[in-house]
A.B. asks: 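First the structure, then my questions, so here it is.
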Amino acid sequence: MKYLEGLNDAQKRAVLALDGPISVLAGAGSGKTRVLATRVYHLVREGVPADKILAVTFTNKAAREMRARVRAMLGDDAATPFVATFHGLGRELLESYGSAIGVQRFFSVYDRDDSEKAIGAALKALDISAKELSPRAVLGRISRAKGDGMRASEFHEKYGRSSFGGRVAAEAWLRYEKTLKDEKALDFDDLIALPVRLLEEHPEVRSAAQKRWQYLHIDEYQDTNALQGRLTNMLAAEHKNLFVVGDIDQTIYTWRGATIDNLLGFDKTYPEAQTIILERNYRSTKNLVDAANAVIEKNKNRKEKRSTTEQDAGEPIVVHMASSAEDEARWIALRIRELMSQGVKPEDVAILFRTNFQSRALEEGLLRAGVPYKLLGTRFFGRKEVKDALAWMRLAMDPSREVDKLRAAAAPPRGLGAVTLGKLAAGQRDQLRASDLAKVEKFEQTIDELALAADELVPSEFVKLVIEKSGMRRALVEEGSEEDRERFENVEELASVAARHDSVPGKEGIALFLAEAALASDQDELDQGEKTGVTLMTVHAAKGLEFDTVFVAGMEEGLFPHQGMGADTNRDEEEERRLFYVAMTRAKSRLCLTLSRVRKIYGSDTYAEPSSFLADIDSGLVLYDETDSPLNNW
């Protein structure tokens, strides 16, 4: 079989092991995406219908890459298996079967910004200021409760008479739940919690879903939380053809509910399971692989696995000690400029940091050195002008959504304020002045025209129509400033993103696009192609990515490992080490670790010690960019 050529023995075993539960422990750079895609192709070659196969991963970017690989192997005209994120799978289950629990087919999805605003409104109604309790903190508590499978009514019963924070969260959740219901919307957590409830409470739906997907593939299984584990096990219960891929050494999301136990305990859940270990690293040089092994092997809560490579030793790991954060940023920027003069593309370079506050000095250093860069975190789909266009699209899908109506009416402004729209929502149309009524009718006519067009147009053409009909082109291009014209480029980019779903015309395709927009992660920014340059991001955001050259800034004790990790729990200490392992293994050819003697934190100069992680790396693999090692002469 030609498609097996180039796979090593362990990879071939994973591809050819068809039936029953299988866990694949895949080290960094071990070719797991290729294995997953090839296994799906092999299943189809062996006669399994494509629509019986499910593949789930964690980001839209990873799902698109997986889908593209599978389609390339199967051919453009062949049926393609369902490939999605966990949230995309939840959306599909709710759209297909959600009527059983009262979920309508075309629901909107609140992103985190939408949710925080709704919680903020609930707190304001409760006369609670943001200084007393922030919307983000309350949303975090609600999110964790939903992740545990708790409902608003259960939470209220348990915490409604408890501490101040518990009482406020309980009341705010009830109001938040009403807002979601009124807007026919769900939030991120609902996309997992509701499908679990749906399958648990409705055996006929569970049976239909099990028959629909008889071969399941779950990527990044170490990042699943308890609810995702329950959802996976319910879907796999009838046929037991569950293929999970993960790396315990890259478990870095326990702070948001991920549990290492799903992967660690897989053979207990499925005693008949096969375990296959992928240890060959195809990404990094031998020096980088050996250093990463030395770091991660200090952890105890893991399954034995040691990465190997047949690549050359490569360059040593560079460690540079700076006098300040500004000096550190200057050194990194000049080093990158030197690499660029040698032919290294800035897109092949990443600067990783443990906490967001570090980005300021790094950005300033790059700007002064004239090095182009892009900072991951300002999400494309979170920009005001993009959210304005999305509100128009959602309104065309369902004109009853009041929050979208308020936003669309002001994008661009057309003389319709909250008071006027509030009277409409309250059924007080007859109380509007004639001038306001004329504006309302024109606004509603535009929505009606877009709603009719949504039935026929492919998503990209619908976006273009929204841009014109809403007046956004006129406001941002014809009447706007230079900055407005730059913002309009982001709105235009929406059509390019929507074109991914042009194979599904009408409201079905538009709904798929709106779901993608709501579920986008920071990594999806890399696909927008709007700006080239060195990538700056947190280590958490870098998971799953790779770059030729990687700088890890802030290698100081208390910063990385972070002082907030909680010394009383061994799991947290090990997670910081796993996070450093992830940072190291993003590099293919070159790794530079930088640290500062003095760093200003919360306005005060802090004298730092070198990160304890540096001592884990064999000194023979390291080149210190100064006369003496900072570990010996700090």
A.B. asks: Would you say the side chains of Y282 and N8 form a donor-acceptor pair under 3.5 Å?
C.D. replies: yes
A.B. asks: Is the shortest distance from a Lys or Arg side-chain nitrogen in D327 or R330 to a carboxylate oxygen in the other one below 4.0 Å?
C.D. replies: yes
A.B. asks: Could you check whether Y41 and Y3 have their ring centres less than 6.0 Å apart?
C.D. replies: yes
A.B. asks: Could you walk me through whether Y215 and D19 pass the side chain to side chain donor-acceptor pair (under 3.5 Å) check?
C.D. replies: CA-CA 8 Å; Y215 284 85; D19 298 316; 2.8 Å; yes
A.B. asks: Determine the interplanar angle of the Y221 and F266 rings, folded into 0 to 90°, and report it as parallel if under 30°, tilted if 30 to 60°, perpendicular if over 60°.
C.D. replies: perpendicular
A.B. asks: Indicate yes or no: does R360 engage E326 in a salt bridge with an N to O separation below 4.0 Å.
C.D. replies: yes
A.B. asks: Do the side chain of D625 and the main chain of V319 share a donor and acceptor less than 3.5 angstrom apart?
C.D. replies: no
A.B. asks: For residues Q250 and R578, report the shortest heavy-atom separation together with the two atoms involved.
C.D. replies: N-CD, 4.4 Å
A.B. asks: With sequence neighbours left out, what residues match D148 under side chain to side chain donor-acceptor pair (under 3.5 Å)?
C.D. replies: none
A.B. asks: Apply side-chain contact (heavy atoms from CB on, under 4.5 Å) to R13 and list each qualifying residue two or more places apart in sequence or on a separate chain.
C.D. replies: D9, A10, I276
A.B. asks: side-chain contact (heavy atoms from CB on, under 4.5 Å) with D219: which residues, sequence neighbours excluded?
C.D. replies: K32, L36, T57, V245
A.B. asks: Is a donor from one side chain sitting under 3.5 angstrom from an acceptor on the other, for Y270 and N233?
C.D. replies: yes
A.B. asks: Apply the test salt bridge (charged side-chain N to carboxylate O under 4.0 Å, His left out) to residues D189 and R112: give CA-CA distance (whole Å), side-chain angles for both, the deciding distance (0.1 Å), then the verdict.
C.D. replies: CA-CA 10 Å; D189 301 303; R112 293 298 183 192; 3.4 Å; yes
A.B. asks: Are K286 and D290 side-chain neighbours, meaning at least one heavy-atom pair lies under 4.5 Å?
C.D. replies: yes
A.B. asks: With heavy-atom distances below 4.5 Å as the criterion, would you say the side chains of R354 and L579 are in contact?
C.D. replies: yes
A.B. asks: Hey, is E546 close enough to R283 for a salt bridge, meaning N to O under 4.0 Å?
C.D. replies: yes
A.B. asks: Can you see which heavy atom on A236 is nearest to which on L242, and at what distance?
C.D. replies: CB-CB, 4.0 Å
A.B. asks: Considering only heavy atoms from C-beta outward, does the side chain of S323 approach that of S596 to under 4.5 Å?
C.D. replies: no
A.B. asks: Please check if the number of heavy atoms outside E272 that lie under 6.0 Å from its CD is greater than 12.
C.D. replies: yes
A.B. asks: Decide whether S612 and E557 meet the rule of one side-chain donor and one side-chain acceptor closer than 3.5 Å.
C.D. replies: yes
A.B. asks: Is it true that S307 and N281 share a donor-acceptor pair across their side chains at a distance under 3.5 Å?
C.D. replies: no
A.B. asks: Are K300 and E574 packed together at the side-chain level, in the sense that at least one heavy-atom pair is separated by less than 4.5 angstrom?
C.D. replies: yes
A.B. asks: Less than 4.5 Å apart, side chain to side chain, heavy atoms only: is that true for R302 and E297?
C.D. replies: yes
A.B. asks: What I'd like to find out is whether the side chain of T309 reaches to under 4.5 Å of the side chain of S284, using heavy atoms alone.
C.D. replies: no
A.B. asks: Regarding N225 and T259, do their side chains bring together a donor and an acceptor under 3.5 Å, going by distance alone?
C.D. replies: no
A.B. asks: Measure from the side-chain N and O atoms of R230 to the backbone N and O of A226, and report whether any donor-acceptor pair falls under 3.5 Å.
C.D. replies: no
A.B. asks: Report yes or no: do Y253 and H540 form a side-chain donor-acceptor pair below 3.5 Å?
C.D. replies: no
A.B. asks: For A17 and Q274, which heavy atoms make the closest approach, and how far apart are they?
C.D. replies: CB-NE2, 3.9 Å
A.B. asks: Determine, stepwise, if the pair K543 / D223 fulfils salt bridge (charged side-chain N to carboxylate O under 4.0 Å, His left out).
C.D. replies: CA-CA 11 Å; K543 175 90 180 311; D223 290 335; 2.7 Å; yes
A.B. asks: Is there a salt bridge (charged side-chain N to carboxylate O under 4.0 Å, His left out) between R69 and E65? Walk through the geometry before answering.
C.D. replies: CA-CA 6 Å; R69 284 197 187 216; E65 289 174 355; over 6 Å; no
A.B. asks: Main chain of Y581, side chain of T585: is a donor-acceptor contact present, judged purely on distance under 3.5 Å?
C.D. replies: yes
A.B. asks: With a 4.5 Å cut-off on side-chain heavy atoms, are D187 and V109 touching?
C.D. replies: no
A.B. asks: Should the pair R577-D616 be classified as a salt bridge under the 4.0 Å nitrogen-to-oxygen rule?
C.D. replies: yes
A.B. asks: Supply the atom-to-atom distance L536 CG to L376 CG, rounded to the nearest 0.5 angstrom.
C.D. replies: 9.0 Å
A.B. asks: Do T308 and V289 make a side-chain contact, defined as non-hydrogen atoms from C-beta onward lying under 4.5 Å apart?
C.D. replies: no
A.B. asks: Does atom CZ of R306 have more than 12 heavy-atom neighbours from other groups under 6.0 Å away?
C.D. replies: yes
